[in-house]
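I have a structure I would like to understand better, so I am pasting it below and will then ask my questions one at a time.
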Amino acid sequence: MNKLIVILGPTASGKTALSIKLAKKFNGEIVSADSRQIYKGMDIGTAKPSPQAKPRRMAGPSCIVEGVAHWLIDIKNPNELYSVAEYKENAIKIIKDIHKRGKTPIMAGGTGLYIKSVVENLDIPQVEADPILRQKIEKEIEKKGLNFVFEKLIKLDPEAAYIVDPKNPRRVIRALEITLLTKKPFSSQRKSGKPLFDVLEIGILTQKEKLKERINFRIDKMVKEGLVDEVKNLIKKYGKAQIAFDAIGYREIIDYLNKKITLEQALENMKINTWHYAKRQMTWFNADKKVNWIKNYKEAEKLIKKFL
RNA sequence: GCCGGGAUAGCUCAGUGGUAGAGCACUGCUCUGAAAAAGCAGUGGUCGAAGGUCCGAUUCCUUUUCCCGGCA
């Protein structure tokens, strides 16, 4: 089975730097697993690696950083939708291509679900997001309450009661979307397939206080580097109401531009929200028993040497 | 100096004569086509201090300290 290295960790833990160093050492190419770096123009706020060259070829990597090819960055405009299912499909194709060229694929990122979709070969129900149907269900929730819609789901798919969180509108909506569009119960569609690759997962171990400091420092830096202008340009081009802008750094700056909060408050909110995000990432990654937690580059190198 | 208003969880504030709540923060968790999203749960307070009334005071009374307004 072909091999895949995964570098994961909470935001601001140093995934980018580590993965580039490892890619250089092991003749690797990087497959980003980041749900926001997907989007063009969202650069500063998503802490994208800064590229030396952007290849012209449509089929090539998104960018080259320090001589290392990066994939799955800047592949969508902020007004386009993207999803785990698409990510899984894109990533597998690219990983296979990297193998074919005799190089080592290194998946690096903080979007746990994206990583899981590939590593565990999640069998995501073949039902595309239907924005119109979702809006309809959302309105129904507004009028009759979430519980009413949940009961409706249970009538169509009694088993869903055990799987779907009745208090989470997004989960209820998706489950209903699937049962309505496939005419088959949602509960029977949550599976995963056989593993696609031989995977080594490496997690960057961080110290709480240090990570908090790094997050705060990075956010101050983003604003100094022009995050406000970046957001202004994006909303001029796409408007404020894009799903892609529901991202830390973007929604707070949009609040500031709407004069709802001061810039200082926007920064404060960004720091708190990023910390919450980092904690959520940690609980996600901690639940994954396959992760090898490392403290430094050397440990990662050692693990990979043994693995390859 | 005088007259008001306030002092309750880390913060902003509700509230009651029978030892107290909310939102946010904090901590833990969930996650299969929006995942930097969306949701769930939990911890936390000698109710500014000292006296008094009362079976019982965070609540009523007195004094006191500090804050915020107004008048001088």
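These numbers were taken from a predicted model, which means no experiment stands behind them.
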Return the nearest nucleotide to the side chain of A:K208; candidates are B:C29, B:A41, B:U27.
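Out of B:C29, B:A41, B:U27, the nucleotide with an atom closest to A:K208's side chain is B:U27.
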
Can you check the A:H276 NE2 to B:A38 C1' distance for me, whole Å?
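Nearest whole value for this atom pair: 15 Å.
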
Is a donor from one side chain sitting under 3.5 angstrom from an acceptor on the other, for A:R214 and A:T206?
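Side-chain D/A pair, A:R214 to A:T206: absent.
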
Spell out yes or no: do the side chain of A:E80 and the base of B:A34 have one donor N/O and one acceptor N/O closer than 3.5 Å?
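Absent.
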
Assign A:D34 to base, sugar-phosphate, or nothing according to its heavy-atom contacts below 4.0 angstrom with the strands shown.
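Base contact.
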
As a test of reading the structure: which of B:G28, B:C31, B:G33 is closest to the side chain of A:K279, going by heavy atoms?
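Of the options given, the side chain of A:K279 lies nearest B:G28.
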
Considering only atom C1', compute the distance from B:C24 to B:C67 and round it to an integer number of Å.
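It works out to 23 Å between them.
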
Residue that, paired with A:F197, satisfies side chain to side chain contact (heavy atoms under 4.5 Å, CB included) out of A:N121, A:I5, A:L4, A:V119:
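The passing option is A:L4.
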
Need the pair for B:C26. Rule: Watson-Crick or G-U wobble, both distances under 3.5 Å, any strand; none if unpaired.
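Paired with B:G42.
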
When you get a sec, tell me which of B:G33, B:C29, B:G39 is the closest nucleotide to the side chain of A:E177?
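Between B:G33, B:C29, B:G39, the one nearest the side chain of A:E177 would be B:G33.
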
Check this for me: A:E89, atom CD, are more than 12 non-hydrogen atoms of other residues, nucleotides or ligands nearer than 6.0 Å?
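No.
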
Nearest-Å distance once atom P is located in both B:U58 and B:A9:
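The same atom, P, in both gives a distance of 15 Å.
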
Counting the atoms with a prime plus P, OP1 and OP2 as sugar-phosphate, which does A:Y114 contact under 4.0 Å by heavy atoms, base, sugar-phosphate, or nothing?
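Since only primed, P, OP1 and OP2 atoms lie under 4.0 Å of A:Y114, the category is sugar-phosphate.
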
Mind calculating the distance between CG (A:D246) and P (B:G39) to the nearest angstrom?
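To the nearest whole Å, that distance equals 11 Å.
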
Can you check the distance between B:A50 and B:C55, where both ends of the measurement are the P atom (answer in whole Å)?
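My reading of the P atoms in B:A50 and B:C55 gives 23 Å.
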
What is the distance, to the nearest angstrom, from the CZ atom on A:R251 to the C1' atom on B:A34?
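A:R251 atom CZ is separated from B:A34 atom C1' by 12 Å.
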
Contact under 4.0 Å: A:R171 side-chain N or O vs B:U32 OP1/OP2
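Answer yes for this pair, as a side-chain N or O of A:R171 is under 4.0 Å from OP1 or OP2.
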
Just to confirm, is there a sub-4.0 Å distance from OP1 or OP2 of B:A34 to any side-chain nitrogen or oxygen of A:R36?
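No, no such contact exists.
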
What is the distance from CD1 of A:I115 to P of B:U32, rounded to the nearest Å?
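Answer to the nearest Å: 16 Å.
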
What nucleic acid atoms does A:Y250 come within less than 4.0 Å of, heavy atoms only: base, sugar-phosphate, or nothing?
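The residue A:Y250 makes no contact with any strand.
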
Would you call A:E301 and A:K21 a salt bridge, using N to O less than 4.0 angstrom?
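No.
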
Looking across every strand, which nucleic acid part, if any, lies under 4.0 Å from A:T111 by heavy atom: base, sugar-phosphate, or nothing?
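It contacts sugar-phosphate atoms only.
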
NA contact type, A:T46, heavy-atom cut-off 4.0 Å: base, sugar-phosphate, or nothing?
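Here A:T46 touches the bases of the nucleic acid.
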
Name the closest nucleotide to the A:E138 side chain, picking from B:A35, B:A34, B:G33.
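That would be B:A34.
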
Between B:C3 and B:A57, how many Å separate the two C1' atoms, rounded to a whole number?
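That atom pair is separated by 28 Å.
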
Pick the C1' atom in B:G52 and in B:G17, then give their distance to the nearest Å.
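B:G52 and B:G17 have their C1' atoms separated by 15 Å.
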
Can you tell me how far C1' in B:C11 sits from the matching atom in B:A49, rounded to whole Å?
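To the nearest whole Å, 23 Å.
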
Answer with yes or no whether the side chains of A:N273 and A:E252 bring together a donor and an acceptor at under 3.5 Å.
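Judged by distance alone, the side chains do pair up.
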
Fit a plane to each ring of A:Y238 and A:F245, take the angle between them on a 0 to 90° scale, and name the class: parallel (under 30°), tilted (30 to 60°) or perpendicular (over 60°).
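Perpendicular.
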
Starting at atom CD of A:Q37, determine the distance to atom P of B:A35, rounded to an integer number of angstrom.
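My rounded result for the distance is 14 Å.
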
salt_bridge(A:D255, A:R251) N-O dist < 4.0 Å
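Judged by the 4.0 Å cut-off on N to carboxylate O distance, A:D255 and A:R251 do not form a salt bridge.
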
State, without any angle test, whether A:Y39 and A:N79 hold a side-chain donor-acceptor pair at a distance under 3.5 Å.
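There is no such pair (donor and acceptor under 3.5 Å, judged by atom type) between the side chains of A:Y39 and A:N79.
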
Taking the same atom, P, in B:A41 and in B:A34, what whole-Å distance lies between them?
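It comes out at 24 Å once rounded to the nearest Å.
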
Less than 3.5 Å between a donor and an acceptor, one on the side chain of A:R134 and one on the base of B:A34, is that the case here?
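Per atom types, the contact qualifies.
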
Kindly say whether, by distance alone, the side chain of A:N168 makes a donor-acceptor pair under 3.5 Å with the base of B:A38?
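Side chain to base: pair found, below 3.5 Å.
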
Partner of B:C66 by Watson-Crick or G-U wobble geometry, both contacts under 3.5 Å, or none?
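When the pairing criteria are applied, B:G6 turns out to be the nucleotide that pairs with B:C66.
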
Of the listed nucleotides B:G33, B:A35, B:U30, the one nearest the side chain of A:R280:
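Minimum distance to the A:R280 side chain belongs to B:U30.
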
Nucleotide nearest A:W275 (side chain, heavy atoms from C-beta), chosen from B:C26, B:A34, B:G33
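The listed nucleotide nearest to A:W275's side chain is B:C26.
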
Calculate the interatomic distance between A:L176 atom CG and B:G33 atom C1'; express it in whole Å.
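About 15 Å, once rounded to whole Å.
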
Between B:U43 and B:C29, how far apart are the two P atoms, rounded to whole Å?
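Rounded to whole Å, the distance is 16 Å.
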
What nucleic acid atoms does A:G45 come within less than 4.0 Å of, heavy atoms only: base, sugar-phosphate, or nothing?
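Counting heavy atoms under 4.0 Å across all strands, the contact made by A:G45 includes a base.
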
Watson-Crick/G-U partner (both atom distances under 3.5 Å) of B:A20
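Result: none.
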
Any strand: nucleotide that pairs with B:A35 via Watson-Crick or wobble, under 3.5 Å:
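Across all strands, not a single nucleotide pairs with B:A35.
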
